[in-house]
Amino acid sequence: SAIDNDVAMSEAGIMAAVADYEARYIAYRAETIAQTESVRAANFGLHAAYTQAIDRGALPDEAVRRYWQTAMDEGVCPICDAIPDNNADGVRVSEKFNVINHEPIYNPPQHVRCRCSINYVTDLDKVPDDKPGLAAVVEVAA
């Protein structure tokens, strides 16, 4: 308001405004890091679990498809919003998602504050009946 009203601020007033701005920015930055890294960890963990299940032979690679999911609200960025359409048939666990004008990516986050996730779909018709422990793998993933 001092700028809008062309009123000079005291040095104490300026320092208080700077300290207030700094505190808000530090809190915002901490929230940004926590949110982004939580998305990264959750998506990485799920991807690692499916990769391990495939590597162990518990699931055939061709039985699992991954689908990019956005938060489906006005906060979704145009890059993430286009990823589901660019990969409408999903991708295999070992494949990256195609991203327009960007490098392909395995998992979210695509950017800071990304709220996207991956939906794993297992086609049980492609899974042999003789796979021990498959029910546990599919149950954990669901």
Side-chain angles (χ1 to χ4, degrees), residues 1-5 7 9-142:
S1 71
I3 293 172
D4 291 340
N5 296 321
V7 175
M9 289 179 66
S10 67
E11 181 146 346
I14 293 170
M15 296 306 289
V18 168
D20 185 46
Y21 174 81
E22 180 181 30
R24 285 194 318 270
Y25 184 77
I26 289 171
Y28 172 80
R29 184 71 180 133
E31 182 182 305
T32 296
I33 292 168
Q35 191 276 328
T36 303
E37 295 309 317
S38 294
V39 167
R40 185 181 321 282
N43 284 298
F44 177 82
L46 194 53
H47 189 255
Y50 270 94
T51 299
Q52 290 171 14
I54 290 167
D55 290 348
R56 282 193 331 257
L59 287 173
D61 184 49
E62 64 275 3
V64 182
R65 301 295 289 177
R66 302 179 320 123
Y67 297 87
W68 190 280
Q69 291 194 305
T70 68
M72 296 173 40
D73 62 20
E74 66 282 344
V76 175
C77 79
I79 295 168
C80 289
D81 196 37
I83 294 174
D85 290 338
N86 295 338
N87 302 272
D89 295 329
V91 298
R92 293 171 103 153
V93 172
S94 59
E95 294 178 326
K96 294 180 179 182
F97 288 93
N98 292 320
V99 182
I100 293 178
N101 297 325
H102 291 275
E103 292 294 317
I105 185 172
Y106 276 112
N107 294 304
Q110 172 65 22
H111 52 81
V112 295
R113 290 194 163 261
C114 182
R115 297 170 296 134
C116 294
S117 62
I118 302 298
N119 184 27
Y120 287 74
V121 177
T122 303
D123 183 347
L124 295 178
D125 292 335
K126 294 181 179 179
V127 178
D129 292 333
D130 65 341
K131 294 294 181 187
L134 175 63
V137 172
V138 174
E139 186 69 29
V140 168

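Just so it is clear, the model here is predicted, and its values are computed rather than measured. For the single chain, residues carry numbers from 1 onward in sequence order.
- For E31, the side chain to side chain donor-acceptor pair (under 3.5 Å) criterion is met by R113, not counting sequence neighbours.
- Applying the side chain to side chain contact (heavy atoms under 4.5 Å, CB included) test to D55 and every residue at least two apart in sequence or in another chain returns T51.
- Going from atom CD1 of I79 over to atom NE2 of H102 covers 3.0 Å, rounded to the nearest 0.5 Å.
- Annotation for V127 and A63: closest pair CG2-CB, 3.8 Å, computed over non-hydrogen atoms.
- The line from OH of Y67 to CD1 of I118 is 11.5 Å long, rounded to the nearest 0.5 Å.
- Taking R40 as the reference, E37 meet the side chain to side chain donor-acceptor pair (under 3.5 Å) condition, with sequence neighbours excluded.
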Report the C-alpha distance between T122 and Y50 in whole Å, list the side-chain angles of each, state the deciding distance to 0.1 Å, and finish with yes or no for side-chain contact (heavy atoms from CB on, under 4.5 Å). CA-CA 10 Å; T122 303; Y50 270 94; 3.9 Å; yes

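- Looking at S117 and V39, their side chains never come closer than 4.5 Å, going by heavy atoms from C-beta outward.
- The side chain to side chain contact (heavy atoms under 4.5 Å, CB included) search around N5 returns S1, V7, not counting sequence neighbours.
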Please report the C-alpha distance between Q110 and C116 in whole Å, then the side-chain angles of each, then the deciding distance to 0.1 Å, and finally whether the side-chain contact (heavy atoms from CB on, under 4.5 Å) criterion is met. CA-CA 8 Å; Q110 172 65 22; C116 294; over 6 Å; no

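- Under the ring pair (Phe, Tyr, Trp, His ring centres under 6.0 Å) criterion, Y106 pairs with H47, not counting sequence neighbours.
- Under the salt bridge (charged side-chain N to carboxylate O under 4.0 Å, His left out) criterion, R115 pairs with D73, not counting sequence neighbours.
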Please assess L46 against Y120 for the test side-chain contact (heavy atoms from CB on, under 4.5 Å), listing each intermediate value before the final yes or no. CA-CA 9 Å; L46 194 53; Y120 287 74; 3.5 Å; yes

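- Using a 4.5 Å heavy-atom threshold, the side chains of Q35 and P109 count as separate.
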Run C114 and T36 through side-chain contact (heavy atoms from CB on, under 4.5 Å) and show every step you take. CA-CA 6 Å; C114 182; T36 303; over 6 Å; no

Output side-chain donor-acceptor pairs under 3.5 Å for residues 88-99, partner residues at least two apart or in another chain, one line each.
from	atom 1	to	atom 2	distance (Å)
R92	NE	D61	OD2	2.9
R92	NH2	D61	OD2	3.3
E95	OE1	R92	N	2.8

All N/O donor-acceptor pairs, side-chain side in residues 14-27, below 3.5 Å, sequence neighbours left out:
from	atom 1	to	atom 2	distance (Å)
D20	OD2	R24	NH1	2.3

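- In this structure N107 satisfies the side chain to side chain donor-acceptor pair (under 3.5 Å) test together with R66, sequence neighbours excluded.
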